[in-house]
Amino acid sequence: MIPRPDLRPPFGELGGAAPEELFSGIPTPAYVIDEAALVKNGEILKRLSDKTGCRILLAQKAFSNYDFYPILSRYLHGTEASGLYETRLGYEKMPGKETHVFSAAFREEEFAGITRYADHIVFNSIGQLRKFGERAKNAGLEVGLRLNPECSTQEGHAIYDPCAPGSRLGVTKARWDEEMTLDLFSILDGVHFHTLCEQDSDALETTLRALEKSFGEWLPFMKWINLGGGHHVTRPGYDLERLERLIRETREKWEVEVYLEPGEAVALNAGYFLTRVLDVVENAGVRIAILDGSAACHMPDVIEMPYLPPLYGAEAAGKDGFLYRLAGPTCLAGDVIGDYAFPEKLKENDLLVFGDMAIYTTCKNNTFNGMPLPSIWKRDRTGTFSKIRAFGYEDFRDRLGSKE
Ligand SMILES: *Cc1c(COP(=O)(O)O)cnc(C)c1O
């Protein structure tokens, strides 16, 4: 396969080089995380916080490859976690920075650990605030409550819409009016919402208006407001000016500190997934290339969201080129990445390079079907590759039994 040079994101950092040469020393399947791309994102985020005074946290559920935390910590104010383990990881691997945690519900057994590692905690319900709020406060944490502005701004991806009717995420105005007491209110340092997914700042503006309508009278009593993640800040074409204006307005109107906690935007377009063709089969006129990488195991969002990931030197299947369906080696019939058009025929051992593979991949993969976990590599700012971690049979085995 002869790839055409592709200088757009997410492949801009590769400068149009031939993958076989560029990645020659890396066994597949493998993730490669591109430090130069992380730095580029970091610079955009740092400029935003310098200009507006907001504070920006890494949402670790999207990207938690802590070997890159030292470099990210130059640009960010800390980490955001979804539970005890991520809280501890942020505390240990981004030392001296802020450690925030939100969970839909905290467990009694983990709470001592949470208060040890976190400095900000956000509760999802007034019941959880009642149960843990005072304890968190006494342990020196700042306490927040997640609000649900009941304002859906996204279409198509219901799985990522925390504002859908019946959602468990965040306190609605009805619950607030019914359950909030002065005692509980007096514990609060801040409020939080997370309602966006890969969205621009117009959706944030709509959401802020909805928040103001439901909860505006309470916001001036807060120290901070956390606008969650889903801000696609580092995507080319994102309306940064509007975001800057909204952050300034929010800070001034309610006299609060503003936090953002993007995951995607921190590591957007900052990784590649390398996989090779194992076989090509044909069925009913469809040519299918079976790869040593799997959608179900190694890029589960491709199936969950679903979406077609960018592929170096190929296009989404159209009229031109050689068409292939790319699929994983597992026995799941639906382990399909998608249909692509190539300038040349695919053959056994060809290397394929998927883009934008740093987020929701290494922290979300699995060993279903006994599939190997891809190794994780770093491409540093000079273009040099180094192996961060490789996995073997034991990593598969040891999660499943007694280690006897
Ligand atoms: C998922 C999540 C984020 C990060 O979302 P991105 O879409 O990756 O930016 C931030 N905060 C909370 C509470 C989340 O659940």
Side-chain angles (χ1 to χ4, degrees), residues 6-15 31-80 94 97 153-154 157 160 194-205 207 226-248 258-273 299 301 305 307 309-310 312 354-364 378-381:
D6 191 340
L7 300 176
R8 293 164 304 170
F11 300 112
E13 305 300 327
L14 300 182
Y31 302 106
V32 178
I33 296 171
D34 200 321
E35 207 173 54
L38 281 180
V39 165
K40 210 183 255 181
N41 291 340
E43 283 169 349
I44 293 171
L45 295 168
K46 173 107 177 21
R47 212 173 307 131
L48 174 67
S49 55
D50 287 348
K51 273 175 95 169
T52 61
C54 75
R55 302 174 78 76
I56 303 182
L57 312 169
L58 163 68
Q60 295 177 98
K61 83 164 192 268
F63 182 80
S64 29
N65 299 101
Y66 52 84
D67 289 83
F68 298 89
Y69 283 14
I71 200 150
L72 287 177
S73 72
R74 295 185 203 167
Y75 305 104
L76 304 175
H77 293 86
T79 56
E80 188 267 343
M94 221 188 260
K97 295 278 181 169
T153 53
Q154 45 183 313
H157 301 301
Y160 300 123
H194 169 72
T195 65
L196 308 181
C197 176
E198 300 188 341
Q199 280 167 285
D200 211 318
S201 42
D202 55 340
L204 175 64
E205 182 152 34
T207 304
N226 185 325
L227 312 182
H231 315 279
H232 233 188
V233 180
T234 51
R235 177 185 69 200
Y238 179 91
D239 186 351
L240 260 171
E241 265 171 44
R242 188 202 302 253
L243 176 62
E244 290 167 12
R245 170 172 65 74
L246 292 171
I247 293 171
R248 286 200 194 94
V258 169
Y259 284 96
L260 300 182
E261 48 181 33
E264 280 219 30
V266 174
L268 188 68
N269 293 328
Y272 316 102
F273 180 60
M299 38 179 135
D301 278 7
M305 194 165 192
Y307 79 106
Y312 197 64
F354 289 94
D356 196 18
M357 282 289 154
I359 46 176
Y360 295 103
T361 50
T362 52
C363 52
K364 207 175 172 177
K378 160 173 155 177
R379 182 175 189 242
D380 74 14
R381 276 165 295 168

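Residues: numbered from 1 along the sequence shown. Bear in mind the structure is a predicted one, so any value in this text is a computation, not a measurement.
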Do the non-hydrogen side-chain atoms of [X] and [Y] ever get within less than 4.5 Å of each other?
X    : Y    : value
T207 : T153 : yes
L72  : F63  : yes
V233 : L240 : yes
P310 : F11  : yes
E198 : Q154 : no
M299 : P309 : yes
V39  : Y75  : yes
I56  : P262 : yes

What I want to find out is whether [X] reaches [Y] closely enough, with some N-O distance under 4.0 Å, to be called a salt bridge.
X    : Y    : result
E35  : K378 : yes
E13  : K40  : yes
D202 : R242 : no

Residues, nucleotides or ligands: over 12 heavy atoms within 6.0 Å of Y66 OH: no

Within a 6.0 Å radius of atom NZ on K97, are there more than 12 heavy atoms belonging to other residues, nucleotides or ligands? yes

Under the 3.5 angstrom rule, does the side chain of N65 hit a backbone N or O of T362 as a donor-acceptor pair? no

Is the backbone N or O of R55 less than 3.5 Å from a side-chain atom of H77, with the two atoms forming a donor-acceptor pair by type? no

The criterion is side-chain hydrogen bond (donor to acceptor under 3.5 Å, both in side chains); which residues satisfy it with S49, sequence neighbours excluded? none

Starting at [atom1] of [X], measure out to [atom2] of [Y] and round the result to the nearest 0.5 Å.
X    : Y    : atom1 : atom2 : answer
R235 : I44  : CZ    : CD1   : 12.0 Å
I71  : D67  : CD1   : CG    : 11.5 Å
L268 : D356 : CG    : CG    : 5.0 Å
L260 : L243 : CG    : CG    : 6.0 Å
E43  : R47  : CD    : CZ    : 6.5 Å
N226 : L57  : CG    : CG    : 6.5 Å

List the atom of [X], the atom of [Y], and the distance in Å for their closest heavy-atom pair.
X    : Y    : answer
H194 : G230 : CE1-N, 4.1 Å
L45  : A265 : CD1-O, 4.3 Å
L76  : L58  : CD1-CB, 3.8 Å
S201 : D239 : OG-O, 2.7 Å
G355 : P10  : CA-CG, 3.7 Å
Y307 : D301 : CD2-O, 3.6 Å

So Y272 and D34, side chain to side chain donor-acceptor pair (under 3.5 Å) or not? Walk me through it. CA-CA 8 Å; Y272 316 102; D34 200 321; 2.8 Å; yes

For H232 and E264, run side chain to side chain donor-acceptor pair (under 3.5 Å): C-alpha distance rounded to whole Å, both residues' side-chain angles, the deciding distance at 0.1 Å, then the answer. CA-CA 7 Å; H232 233 188; E264 280 219 30; 3.1 Å; yes

Before you tell me yes or no, could you show the steps for Q60 and Y69 under side chain to side chain donor-acceptor pair (under 3.5 Å), namely the whole-Å CA-CA distance, both residues' side-chain angles and the distance that decides it to 0.1 Å? CA-CA 10 Å; Q60 295 177 98; Y69 283 14; 2.7 Å; yes

Using side chain to side chain contact (heavy atoms under 4.5 Å, CB included), reason through I33 and R379 one step at a time and then give a plain yes or no. CA-CA 6 Å; I33 296 171; R379 182 175 189 242; over 6 Å; no

For T52, which residues count as a side chain to side chain contact (heavy atoms under 4.5 Å, CB included) partner, sequence neighbours excluded? L48, C54, E244, I247, R248

Among residues at least two apart in sequence or on other chains, which ones pass ring pair (Phe, Tyr, Trp, His ring centres under 6.0 Å) with F273? Y31, H298

